[in-house]
Chemist: 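First the structure, then my questions, so here it is.
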Amino acid sequence: MKIDGTHFRSIWREAGGTVKIIDQRWLPHELRIVALNSRADFATAIRDMWVRGAPLIGATAAYGVAVQMAADPSDASLAQTWDVLHETRPTAINLRWALDEMTRVLKPLPPADRAKAAFARAAEICDEDVETNRMIGVHGLELIRDIAAQKGGGRVNVLTHCNAGWLATVDWGTATSPIYHALEAGIDVHVFVDETRPRNQGAQLTAWEMNHHGVSHDLIVDNAGGHLMQHGEVDLVIVGTDRTTAQGDVCNKIGTYLKALAAADNNVPFYVALPSPTIDWTVRDGVAEIPIEERGAAEITHVQGRMPSGVVGLVQISPDGSPARNPAFDVTPARLVSGLITERGIAPANAAGLAAMFPDRATGASA
Ligand code: MRU
C-alpha cells in the first residue's frame, strides 16, 4: 500500500540483493527502513518485533533462510537455520510453514544451487502472500457489500483488533483487505481501531495505515468495543489470526476472545481473515494446544510514545515493583466465529467447512 503516495511492501529485496524491511518499532512517528544482512539480523528482527504479524513473520523467515544460504549452504546450516529462526516467536504458525517450505525446496538441491533457489522461493512466498491477501479482500468485500445493502447504502462500521493490515503481511493485510476493496467499490466504510494494549499495534500501526490510505476511522480503547456493539454502532468485526486450527479455533492477539464474546452477545457477525498458511492442520484443540507467547513485563508497565520534545521514548505507567503478566495471544473458540475469510472463499469455522475449502491440505487431524 502507499506511504505518502509511494507504494511500499513491508519487506523487499533490492536490485543489489539486500533485503530491507520497515522497522515497525518506530511507527507511526518515524519511518525507518533497515537492511537485514545476516541470519542473526533476521532472528533479532522477528524476536524483537521490528517485523511482526503472522504472514510477515513467515516471509521474513524465508528471506532469512536465503541470506544464510548465501553465507553457508550446507545441510547443517540449513537445519540450524530452521531451529534458530523457529525459536524466535512461538505462536504464529506461518513461521513454521515458511521454514518447512524453504527446507522442502532446498534440501534436495546440491548446496551450490541453494542460495539462488532460496531467494527465488522467498520472493515467490512474498508474491503469493500479496495475491492471497488480495483474494481475501475480494471475498470479504461481499460481506461488507451485503451489510451496506441491508442498510440501504448506509455506512458500514467495521471493528478490528491489533494490526492485521499490510504491515502484518507483505501487502494489503488480511482483515484490512476487504476494507480497502470496499472503499474501491465506493462503499461508505468506517473502521473502529482497537488500540490493542500492550504494544498498541492498533494505535500505532493500523491507525497509521488507515490515515495513509484515507480510510475513515476512529481509534478506540480496547474496552470500548462492547459498549459500541450494545449501541448498534458496529456492523461487523474482522480480525486476523496467528494460527487457526483445522476445527476453526482462532488464535490471535490478546483481547480478540473478549471481542468475540461481546459480538456474540450483541449478534454482531465476527469474521476472521486468514491466508491458508495460517491454518495449523495438526492441532485439534486450540485452547489446549496452541503455544501462547508470554512477552516481557515491560510491555505492560511501560508505554512508548512521542514526547512533546519530539523524541520517541518509553514512559513507566505502573508503580515500581509491581509484577505484570503478558500473555500475547488468546484463542477464540470456533463456536464464536461467524466465518473464515480465506483466499478461496468464506468457510464455516468448523472442520468440515475448512476441509471442504482446502481438500488438498486437510489432514487426519481435522476429522
Ligand atoms: O504480536 P503481533 O503484532 O505479531 O501480533 C499480530 C496479530 O495478532 C495479527 O492479528 C495476526 O498476526 C494476523 S496478521 C495478518
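Whatever order the structure lists ligands and atoms in, that order sets their numbers, starting from 1.
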Chemist: Which atom pairs, one a donor and one an acceptor, fall under 3.5 Å between side chains of residues 262-272 and the rest of the protein, sequence neighbours left out?
Modeler:
residue	atom	partner	partner atom	Å
Asn266	ND2	Ala262	O	2.7

Chemist: Is there a polar contact between ligand 1 and Arg52, counting only N or O atoms under 3.5 Å apart?
Modeler: yes
Chemist: Flag Thr169 as yes when one of its N or O atoms lies below 3.5 Å from any N or O atom of ligand 1, and as no otherwise.
Modeler: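 N/O-N/O distance below 3.5 Å does not exist for this pair.
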Chemist: Linking directly or through intermediates, with side-chain heavy atoms under 4.5 Å: list the remaining ILVMFWY members grouped with Trp26, chain and number order.
Modeler: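 Cluster partners of Trp26: Val312.
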Chemist: Out of Val170, Leu56, Asn94, which one pairs with Asp129 under the side-chain contact (heavy atoms from CB on, under 4.5 Å) rule?
Modeler: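 With Asp129 as partner, side-chain contact (heavy atoms from CB on, under 4.5 Å) holds for just one option, Val170.
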Chemist: Centroid separation under 6.0 Å, is that true for the rings of Tyr180 and His213?
Modeler: yes
Chemist: Would Thr256 count as a contact residue for ligand 1, given that I'm defining contact as a non-hydrogen atom of the residue lying under 4.0 Å from a ligand atom?
Modeler: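 Distance cut 4.0 Å: Thr256 fails for ligand 1.
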Chemist: Hey, is Asp222 close enough to Arg197 for a salt bridge, meaning N to O under 4.0 Å?
Modeler: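 Salt bridge: no.
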Chemist: For atom 9 (C) of ligand 1, grab the closest protein heavy atom and report residue, atom and distance to one decimal in Å.
Modeler: Asn252 OD1, 3.5 Å
Chemist: Taking heavy atoms and a distance under 4.0 Å, where does Ala54 meet ligand 1: side chain, backbone, both or neither?
Modeler: both
Chemist: Polar-atom distance check: Ile57 versus ligand 1, any N or O pair below 3.5 Å?
Modeler: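 Ile57 vs ligand 1: no N/O contact under 3.5 Å.
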Chemist: Return the residue, atom name and 0.1 Å-rounded distance of the protein heavy atom closest to atom 15 (C) of ligand 1.
Modeler: Thr174 OG1, 3.1 Å
Chemist: With a 4.0 Å cut-off on heavy atoms, is Pro55 touching ligand 1?
Modeler: yes
Chemist: What protein heavy atom sits nearest atom 7 (C) of ligand 1, and how far off is it?
Modeler: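 The closest heavy atom on the protein side is Asp242 OD1, 3.3 Å.
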Chemist: Counting heavy atoms only, which of Lys253, Gln24, Arg89, Met49 comes nearest to atom 4 (O) of ligand 1?
Modeler: Arg89
Chemist: Considering the options Val65, Leu36, Ile21, which one meets the side-chain contact (heavy atoms from CB on, under 4.5 Å) requirement together with Phe42?
Modeler: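 Among Val65, Leu36, Ile21, the one meeting side-chain contact (heavy atoms from CB on, under 4.5 Å) with Phe42 is Leu36.
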Chemist: Relative to each other, are the rings of Trp281 and Phe358 parallel, tilted or perpendicular (30° and 60° limits)?
Modeler: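 Taking Phe358 first and then Trp281, their aromatic rings stand perpendicular (interplane angle over 60°).
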Chemist: Test your reading of the structure: does His161 have an N or O sitting under 3.5 Å from an N or O of ligand 1?
Modeler: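 Looking only at distances, the answer is no, because the N/O contact criterion of under 3.5 Å is not met.
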Chemist: Is Thr241 touching ligand 1 with its side chain, its backbone, both, or neither, if touching means heavy atoms under 4.0 Å apart?
Modeler: backbone
Chemist: Any chance the side chains of Ser177 and Asn133 put a donor and an acceptor closer than 3.5 Å?
Modeler: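 Judged by distance alone, the side chains do not pair up.
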Chemist: What's the shortest distance from atom 14 (S) of ligand 1 to any protein heavy atom, and which residue and atom give it?
Modeler: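 The closest one turns out to be Ala168 CB, 3.5 Å.
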Chemist: Could you see which bit of Asn163 sits under 4.0 Å from ligand 1, with heavy atoms only: side chain, backbone, both or neither?
Modeler: backbone
